[in-house]
Novice: 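For reference, the structure I am asking about is given below.
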Number of protein chains: 2
Amino acid sequence: MTTPAQGLHSHVLAALGLAITAGEYPPGTVLRTDELAQRFDVSRTVVREVVRVLESMHLVESRRRVGVTVLPTARWNVYDPQVIRWRLAGADRPRQLRSLTVLRSAVEPVAAGLAALNATPEQCRELTEQALGMVATSRGRRLEEYLVHDIAFHRVVLSASGNEMFARLGDVVAEVLTGRTHHHVMFEDPDPAAVTLHVQVAEAVRERDAARAEELTRRIAVGALQELDVLAP
Amino acid sequence: MTTPAQGLHSHVLAALGLAITAGEYPPGTVLRTDELAQRFDVSRTVVREVVRVLESMHLVESRRRVGVTVLPTARWNVYDPQVIRWRLAGADRPRQLRSLTVLRSAVEPVAAGLAALNATPEQCRELTEQALGMVATSRGRRLEEYLVHDIAFHRVVLSASGNEMFARLGDVVAEVLTGRTHHHVMFEDPDPAAVTLHVQVAEAVRERDAARAEELTRRIAVGALQELDVLAP
DNA sequence: CGGAAATTAAAAGTACGACTTTTATGTCAC
DNA sequence: GTGACATAAAAGTCGTACTTTTAATTTCCG
């Protein structure tokens, strides 16, 4: 189960990106393009393009007469959705899930507050609909369906905030929720309290109650963090 | 005053990235690699590498038989520091500054709270030092020096939070603060209230008072937002 | 023996040309 | 009009040759 790989470029990029983010090449490791070309059985052209992309993500640095050096984690563009996906697929998924969840706990309440001020009627409707969808699928081992509504719900909130930076975190949240659902054993149904909170957030937004929307979302976030504490080291 | 351009790649990348983020090519615009190669007087090889990087930032999409299509703003990787820099240099700098400041207002208080729990003695010391530096340079048209301390201060807070995602926002905050300082007419000295708040945050962190650190930082953020409201449409 | 200057070579950067693959679009038969 | 087919346009890939930078080594002078 590797990558679809429609094109040599994506294939090599996925392979290298995954390997690097997985820590397979410790920081400071030096790779040579010729060697990589040989290893993946592609032309140097393809490798160079891949390296350029990796370089733009600050995963590696390419210097003449030296080669392609793997950079320390601290330099990585950890907001790049691609990098996030690679890391979530790799070894330290728990650590990654935690730091992303903390980020969510900071951003989403504020976003919800703004959404209460800025959401269009259409967005309010969508929000309510997704919350109801969550309620409907919250019992009876329907986690996959629940997940779809959950993701949609948070996407709408972030998007309705009217802030571009928040809106763009939709993908990140989707990755987190997906990772979380697929990681846990997936036997239980979601926490009923969380479901209720989502419904109430939808209400608060509809009623333009920013403070309440913010506070309720904060509770969702705290819950998510606690859940993580329980289920991860 | 373009880019240092050590290497054809960076030159073309900067030119194209800047042009696209500036809205010079509206979404849907189609570029052809041959044409670009000719226009910038470089080989197709270089153009292709640039396009690949632009593609990884989701600024463009390259499809066979079609060409390189400029994507709508909503698709852009707005967390990529490079993209942020390009956009801050471009036309809608005010809008960009605002959305980034809102992001800060969500993240930094939480980060400060965590910093109070996690900061090392060394980080506490550094924090105090920078706060004092801000005090020292807060009067007498020393905005450039003040800026250095301000940036350093916020970097330490974000870094001391112990959360990787927060830490990586240091660059973004640096860009915002720099953009802000250089945008405003730079006649006045910084708001004394803000300076005091920074000193108090350093105190709160040192005393491990998370709630207070969070609250004080929130006030800094609110102040920054209000300042923006006053000085921008 | 030491340190600076010149030399060397290794690796990335760039260029070019040939070829392949995908696919939007236009054409033709029905 | 609709569907099958042919066409061509553009990106994708490859190989090779050449340039440029620069780490490392060697040389040479004090």
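In the text below, chain A, chain B and the rest are named by the order of the sequence lines, each starting its count at 1.
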Novice: Could you check whether Val42(B) gets within reach of a base, just the sugar-phosphate, or nothing at all, counting any heavy atom under 4.0 Å?
Specialist: sugar-phosphate
Novice: Closest to the His9(A) side chain: dA24(C), dT13(D), dA11(D)?
Specialist: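 Out of dA24(C), dT13(D), dA11(D), the nucleotide with an atom closest to His9(A)'s side chain is dT13(D).
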Novice: So which one's nearest nucleotide on DNA chain D is more toward 5', Leu31(B) or Asp41(A)?
Specialist: Leu31(B)
Novice: Starting at atom CG of Asp34(B), determine the distance to atom C1' of dG17(C), rounded to an integer number of angstrom.
Specialist: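 The answer, rounded to whole Å, is 12 Å.
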Novice: Do any N or O atoms from the side chain of Asn118(A) and from the backbone of Ala160(A) form a donor-acceptor pair under 3.5 angstrom?
Specialist: no
Novice: Would you say the side-chain atoms of Trp76(B) pair up with the backbone N or O of Leu71(B), donor to acceptor, closer than 3.5 Å?
Specialist: yes
Novice: Measure from the side chain of Arg52(B), starting at C-beta and using heavy atoms only, and say which of dT13(D), dT22(C), dA23(D) lies closest.
Specialist: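 So the side chain of Arg52(B) is nearest to dT13(D).
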Novice: With respect to the side chain of Leu8(B), which nucleotide from dT14(C), dA8(D), dA12(C) is positioned closest?
Specialist: dT14(C)
Novice: Select base, sugar-phosphate, or nothing to describe what Arg63(A) touches, counting heavy atoms under 4.0 Å on all strands.
Specialist: sugar-phosphate
Novice: Return the value, rounded to whole Å, for the distance between atom CD of Glu49(A) and atom C1' of dT14(C).
Specialist: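 After rounding, the reported distance stands at 13 Å.
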Novice: If I take atom CZ in residue Arg44(A) and atom P in nucleotide dG15(D), what distance separates them, rounded to the nearest angstrom?
Specialist: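 One finds 12 Å between P of dG15(D) and CZ of Arg44(A), rounded.
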Novice: Might you confirm whether atom CZ of Arg63(A) has over 12 heavy atoms from other residues, nucleotides or ligands at distances under 6.0 Å?
Specialist: no
Novice: How close or far is atom P of dG12(D) from atom CG of Leu13(A), stated in whole angstroms?
Specialist: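 Going from Leu13(A) (CG) to dG12(D) (P), I get 13 Å.
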Novice: Hey, which sits more toward the 5' end of DNA chain C by its nearest nucleotide, Thr45(A) or Arg64(B)?
Specialist: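 It is Thr45(A), whose closest nucleotide lies nearer the 5' terminus.
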Novice: Do His154(B) and His198(B) have ring centres separated by under 6.0 Å?
Specialist: yes
Novice: Determine: side-chain N/O of Arg32(B) to OP1/OP2 of dA11(D), distance under 4.0 Å, yes or no.
Specialist: no
Novice: As an exercise, state the distance from NE2 of His9(A) to CD of Glu49(A), rounded to the nearest 0.5 Å.
Specialist: 6.5 Å
Novice: Using a heavy-atom cut-off of under 4.0 Å over every strand shown, decide if Thr33(B) touches base, sugar-phosphate, or nothing.
Specialist: sugar-phosphate
Novice: Counting side-chain heavy atoms from C-beta on, which of dT22(C), dA12(C), dT21(D) comes nearest to Arg65(B)?
Specialist: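 Comparing dT22(C), dA12(C), dT21(D) against the side chain of Arg65(B), the answer is dT22(C).
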